[in-house]
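Contents: one structure, followed by commentary.
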Number of protein chains: 2
Amino acid sequence: MNIGEIARRAGVSRSTVSYALSGKRVVSEETRQRIQAVIDELDYRPNAAARALKEGRTRTLGLVIPPASLRLTDMQLGFVASVVEAAARVDLDVLLSPSGGDHDRSFERIVSGRRVDGVILMEIRLEDERVTRLQQTGLPFVTIGHTAHPQGTCWVDVDYATLIARCVHHLADLGHRHIALINRSAELVAAGYGPAQRALTGFTEAVAQRGLTGVDMCCADDAPGGESCLEQLREQHPEVTAIATINEAALPGIQRALERAGVAVPRDMSIAGVAARHWAEDFRPPLTAADVPTEMGNHAVDLLLERIATPDAPPRHLLLTPPISLRSTTGPAPTR
Amino acid sequence: MNIGEIARRAGVSRSTVSYALSGKRVVSEETRQRIQAVIDELDYRPNAAARALKEGRTRTLGLVIPPASLRLTDMQLGFVASVVEAAARVDLDVLLSPSGGDHDRSFERIVSGRRVDGVILMEIRLEDERVTRLQQTGLPFVTIGHTAHPQGTCWVDVDYATLIARCVHHLADLGHRHIALINRSAELVAAGYGPAQRALTGFTEAVAQRGLTGVDMCCADDAPGGESCLEQLREQHPEVTAIATINEAALPGIQRALERAGVAVPRDMSIAGVAARHWAEDFRPPLTAADVPTEMGNHAVDLLLERIATPDAPPRHLLLTPPISLRSTTGPAPTR
DNA sequence: TCGGTTCGCGGAATCGGTTCGACAGAAGAT
DNA sequence: ATCTTCTGTCGAACCGATTCCGCGAACCGA
């Protein structure tokens, strides 16, 4: 069931079948229909490898995700889903590469075996050698998140610094004077993980600007982590009345610890976060948060397609600053 | 940077380079080292498409996931992660196809464009046309979950009927007489989604066997769904003192509704579920549940590799029945 | 009727690997 | 000295598409 078979049965040459399929040259309507009939009958579809070899492109995008051992957050998951969906809409397939390590075989296969036409990189660090590796090879790529030197690359990101600053301002407007930042895990912060670093910067600046006292804490990215982090916070800083956080995964634990301690939200404690929209909505009470649009994956695909089409165009960036959706977890600071 | 370039620089023929790389014929140690030196210098890696074309295999596995619009549960996510990880361990890549629809372009590309050597199918229904389509094409495949007629296919699944039955027995042993099954969404049940159907069967039989009264409810697969489902349950069946569920995603909502109503777990209400292990552990209080091993993805990959190697061997199945881990959400029935 | 244009199609090269058959030269057997 | 057996390498075919070049027939205006 290759193109030769179709050609023989339709009584034409292989090239004619190819042209009938691609439309790159005129084929008489009669011939075209005859060919199509044979194709339908045999359910023929061109061999992807042969086409990729000849055309020099694979019609496949690579998506580099964190290794399976690290559990993905809802937000990251949303990115994956929207990347896959956006790619499917333009008839592209997505090849997954779980790679966090330095010199990953899977990553190398993808980038230097010409298995994909372009790569989307997730969870990048401020200094990320995968980015430099991709720059070497010349393979088009887009990152979700950006490095410390983002000028030369194409990326889409959420402006964590500004978003966390907005959370702080919102809380300050409500009269809160003592605010805590609950950041991502200590390991990530130490590894130079961009969002964690930038959230801290934004927090520190905003707190200083409003003359508040701020305390920042790292917190393991899961429910138990949030729970113990909050216990520690209430013990060491009982004066805190509001929390800003980018740690989605820790929120259920935070919430639970507050409940156990009899601290009502938002009466006794306000929470403003940065999270996936559906996640914030599903949260009880609904979370006041800057809704990170999961469509970021779509944007990443768009940018990547552009870059593949015109590799020499200056790299474009997209820094999103979604507004804070006021829901039910923030309120006026308690009067002592 | 193709094999010809390497051959020229090393002063040998292309075939010799190929043999040096594959080891399928002896190449003198001296020549081999010379070739390797050139390869290292140029950072050469064979073109995947060319190799796939000639060899007739792509070294790629297809993973068909639910479309992006449907949010994946933690358990499904765990499968994806473990499939990707298992594939990476044996140097295989994973191609994602988001396809739930009947005649999906992405699915068709994968199965009939010979883009993959085998396919893993998730979220299959009792009658699933994707399965019949794959059987037509002869492409090796393994399903996570099984259809109503599973004899001829290769699959790995969790024995939901038995697990839910065990939950019922466990709860009955604790003295509960009125037990509710909180199932997956009504749409899934209507669509003939296997786990939902089998959970219902197992529940009904176990309840009858123990002479209990059981009530089964469908419930949207998210927190708000769980919340409203529980409210409805308490209104219509206030006598229920225990819940068995396979609806992971609804649990936070269930939990929240119970709290709001002042119903303590497990004092006033026991809950036994089927969920991913880490999920059950993170839940507060830790959930008594049959821990679905996320390693099911690994097993699926193993089965698939076997099937690819020996397509004519009789299809193998794997029906897992993990034991119930007793944690903190079940206790003796309340004395009235 | 003739030269030129258009239309529809076939032939053959090409992409970059793998693999089979052949072959030269060295080594061993008789 | 001749015949056989290895060893190590090369050349060429092949996988299944795409695409450039060119050819014959039809068509058209003069």
Determine: side-chain N/O of B/Thr31 to OP1/OP2 of D/dT9, distance under 4.0 Å, yes or no. yes

Return yes if the base of D/dG11 and the side-chain atoms of B/Ser15 contain a donor-acceptor N/O pair under 3.5 Å, otherwise no. yes

So B/Gly11, base contact, sugar-phosphate only, or nothing? Heavy-atom distance under 4.0 Å. sugar-phosphate

A/Met1 CE to D/dC15 C1': how many Å, rounded? 15 Å

What nucleotide among D/dC15, D/dT9, C/dC15 has an atom nearest to a side-chain atom of B/Val27? D/dT9

Does D/dG29 have a Watson-Crick or wobble partner in any strand here, with both distances under 3.5 angstrom, and which is it? C/dC2

Measuring only between side-chain heavy atoms, which start at C-beta, is B/Leu139 closer than 4.5 Å to B/Ile110? no

Applying a 4.0 Å non-hydrogen cut-off, can you work out what A/Val26 is touching in the nucleic acid: base, sugar-phosphate, or nothing? sugar-phosphate

Quickly work out the B/Asn2 CG to C/dG17 C1' distance and round it to whole Å. 9 Å

Please report the distance, rounded to the nearest Å, between CZ in B/Arg14 and C1' in D/dT9. 15 Å

Atom-to-atom span, CD1 of A/Ile3 to C1' of D/dT18 - whole angstrom: 8 Å

Between D/dG16 atom P and B/Arg57 atom CZ, what is the distance in whole Å? 16 Å

For D/dG16, does OP1 or OP2 lie under 4.0 Å from any side-chain N or O of A/Asn47? no

Over how many whole Å does the gap from B/Leu21 atom CG to C/dT18 atom P extend? 7 Å

Could you check whether any side-chain heavy atom of B/Ile144 comes within less than 4.5 Å of a side-chain heavy atom of B/Leu121, counting everything from C-beta outward? no

Assess A/Arg25 against A/Tyr19: is NZ or CZ under 6.0 Å from the centre of the six-membered ring, and within 45 degrees of the ring's axis? yes

Result for 5'-nearest mapping on DNA chain D, choosing between A/Leu53 and A/Arg25, is A/Leu53

Between atom CZ in A/Arg51 and atom C1' in D/dA17, what is the gap in whole Å? 8 Å

Is there a donor-acceptor pair closer than 3.5 Å between any side-chain N or O of A/Ser22 and the backbone N or O of A/Lys24? yes

Are any of A/Ser13's side-chain N or O atoms less than 4.0 Å away from OP1 or OP2 of C/dC9? no

Would you indicate what B/Ser22 reaches in the nucleic acid, counting non-hydrogen atoms under 4.0 angstrom: base, sugar-phosphate, or nothing? nothing

Take atom CZ of B/Arg59 and atom C1' of C/dG17, then tell me their distance rounded to the nearest Å. 11 Å

Answer yes or no: side-chain N or O of A/Tyr19 and base N or O of C/dC7 forming a donor-acceptor pair under 3.5 Å. no

Please check the phosphate of D/dA17 (OP1 and OP2 only) for any side-chain N or O of A/Tyr44 closer than 4.0 Å. yes

Under a 3.5 Å cut-off for both contacts, is D/dT9 paired Watson-Crick or G-U wobble with anything, and if yes, with which nucleotide? C/dA22

Please determine if A/Arg59 and A/Glu55 form a salt bridge, counting it only when a charged side-chain N lies under 4.0 Å from a carboxylate O. yes

Using only atom types and a distance under 3.5 Å, with no angle test, would you say the side chain of A/Arg130 pairs donor to acceptor with the backbone of A/Ser99? yes

Please confirm whether the shortest side-chain N or O distance from A/Lys24 to OP1 or OP2 of D/dT18 is below 4.0 Å. no

Phosphate oxygens OP1/OP2 of C/dG10: is one of them under 4.0 Å from a side-chain N or O of A/Thr16? yes

